[in-house]
Amino acid sequence: MAVYSTNEFKPGLKVMLDNDPCSILENEMVKPGKGQAFNRVRLRNLLNGRVWERTFKSGETLNGADISESSMEYLYTDGEFYHFMKTDGSFEQIAADKNAVADALNWLKEQDQYVVMVWNDAPISVTPPNFVEMEVTETDPGLRGDTATGGTKPAKLASGAMVKVPLFVERGDILKVDTRTGEYVSRAKK
Amino acid sequence: MHWQPTASKSMFAARAALNAQIRSFFAARAVLEVETPLMCHASGTDPNLHPVTAAYQPYPHAKSQTLYLQTSPEFAMKRLLCAGSGAIFQLCKAFRNGESGGRHNPEFTMLEWYRPGFSLTQLMDEVEALVVSVLACSAMQRLSYRQLFQQTLAIDPHTLPLAQLQTLTLDRVPVSPSAVTSRAVCLDLLYGHVIEPTLLDPVFVYHYPAEQAALARVVDDEQGQPVALRFELVMQGMELANGYDELIDAEEQALRFAADQLHRQQQQLPHIASDEFLLAALSAGMPACAGVALGVDRLLMLQTGVTHIDDVLAFPLVRA
């Protein structure tokens with residue numbers, strides 16, 4: 001595995017720190033007038049999402065993390081694992097546990113494409129597309145024609161996610177939802 | 001392709017006005033503007049400075065000779081002082097390998113000046129007069145390095161035992177235990193991470209530990225502690241200027257070169273030969289003198305209220 005020196009630390013570089021894979025967010029040189037240079041680095045721990053701040057002497061090194069990201073199709077869950085398949089023609093399958101899919105759990109839909117991050121051959125995170133289309137499975141009866149009053153009500157989607165929707169939305173509607181905010185965007189054409 | 005300058009159009013006018021203001025400040029005080037070479041046979045030996053080298057060829061295909069782009073014009077200006085120039089200033093580019101970030105560009109503009117017969121206090125007065133005339137900022141505080149550590153961390157940086165200094169550093173700075181190998185590293189970390197960011201109003205910090213003397217004279221302070229006659233001007237958590245009561249003793253200078261060279265060897269840094277021109281000039285005699293270097297890009301940042309050095313540069317390194 002590659003070894004990176006502080007002067008190679010760039011945003012997005014994946015390195016190992018305290019045995020966890022991390023992604024570098026920021027690297028700023030700090031140099032007292034006549035003293036030695038240090039690098040003040042912010043990193044995101046890719047296993048738990050926490051942001052760490054560390055200072056390194058300029059020239060210190062970290063091992064690279066064996067991280068790859070690829071687009072995969074969600075197949076199904078067996079209750080314990082979530083199964084994805086590569087879309088590069090290899091049909092290779094991979095099983096992610098609940099921790100790894102945590103950020104995507106509300107937005108999993110069979111046959112949709114997700115970005116799966118793999119560390120040392122094990123999936124560690126699953127990122128949903130920015131927008132998904134999903135069917136409403138439960139909501140109060142719709143107020144037909146009411147597109148103007150601006151009121152909202154809760155709706156449950158096929159994945160189990162709850163979103164606030166306009167009053168006219170009905171069970172069985174397909175909605176477009178922004179996965180970054182968890183907000184309703186529009187009704188999708190059936 | 002980003003070919004455009006990173007500084008705004010108004011910034012170019014601000015820089016031109018600042019340069020003119022600096023020149024008229026020194027003209028009024030009868031300090032002579034000089035130019036010295038930026039590409040020289042020797043360079044400073046400070047193990048924390050990494051000069052950019054140039055390959056000079058006397059004719060095409062000749063074996064090239066290594067020359068150094070200057071990390072500051074200090075040595076050449078001191079030779080002018082030894083030759084009897086009197087008070088001098090220079091507004092020039094300086095080069096430092098690897099120094100890049102929000103407040104650093106590897107090529108930057110430096111204002112350096114020397115005042116024969118000035119004490120460190122008189123030079124601080126003059127720096128203050130210049131900076132206040134540019135920034136219209138408040139009067140500047142003056143604190144010794146010891147006072148600063150006592151105020152912020154309740155320790156004496158000169159006498160606290162190394163083990164306690166290491167514990168304190170690891171407690172206050174997110175750094176690995178293997179990094180805090182010496183007093184100098186601990187003090188640099190505490191200064192850079194804990195103290196300097198809190199220094200928003202302008203303050204002169206003086207009497208640095210003797211091991212951080214660089215090219216300043218070392219004397220005993222009122223507590224008998226050897227300290228460097230050196231100051232830094234810090235504001236907005238950023239070093240703006242660094243001044244010395246200059247070392248003028250040729251023998252002591254030769255010893256400091258040798259000590260730096262040993263450190264460079266221990267850190268496996270390239271050897272940099274002592275500047276024999278400087279040593280010969282000091283042997284001929286240099287007037288007692290105080291000198292200071294000020295970062296002009298940073299002064300312009302403070303004047304115009306921008307926080308990234310790229311905003312005051314036409315083309316930072318990536319676009320140079």
Axial cation check for Y206(B) ring with R146(B), 6.0 Å and 45° limits: no
Check: M140(B) main-chain N/O paired with E128(B) side-chain donor or acceptor under 3.5 Å: yes
Choice from V185(B), N242(B), L49(B) maximising heavy atom contacts with chain A below 4.5 Å: V185(B)
Sorted by number, residues from residues 166-175 of chain B in contact with chain A (heavy atoms, under 4.5 Å): V173(B), P174(B), V175(B)
Under 3.5 Å donor-acceptor, T139(A) side chain and P154(A) backbone: yes
Donor-acceptor pair between D260(B) and T45(B) side chains, under 3.5 angstrom: yes
Top contributor to chain A contacts, counting heavy-atom pairs under 4.5 Å, from P47(B), G102(B), G192(B), G98(B): G102(B)
Residue E196(B) versus chain A: region with a heavy atom under 4.5 Å: neither
R103(B) portion near chain A, given a 4.5 angstrom heavy-atom threshold: backbone
Distance-only side-chain donor-acceptor flag, Q113(A) / S71(A), under 3.5 Å: yes
Lys/Arg N to Asp/Glu carboxylate O, D18(A) vs R54(A), below 4.0 Å: yes
CD/Q265(B): more than 12 non-hydrogen atoms of other groups inside 6.0 Å: no
Expected output: side-chain K153(A) to main-chain V169(A) donor-acceptor under 3.5 Å: yes
Part of A214(B) within contact of chain A (heavy atom distance under 4.5 Å): side chain
N/O donor-acceptor pair under 3.5 Å between Q111(A) side chain and E73(A) backbone: no
Plane angle bin for Y184(A) and F168(A) - parallel if under 30°, tilted between 30 and 60°, otherwise perpendicular: perpendicular
Residue among E60(A), K57(A), E53(A) with most heavy-atom pairs under 4.5 Å to chain B: K57(A)
Proximity breakdown for E211(B) and chain A, heavy-atom pairs closer than 4.5 Å: neither
Side chain, backbone, both or neither of E28(A) within contact of chain B (heavy atoms, under 4.5 Å): side chain
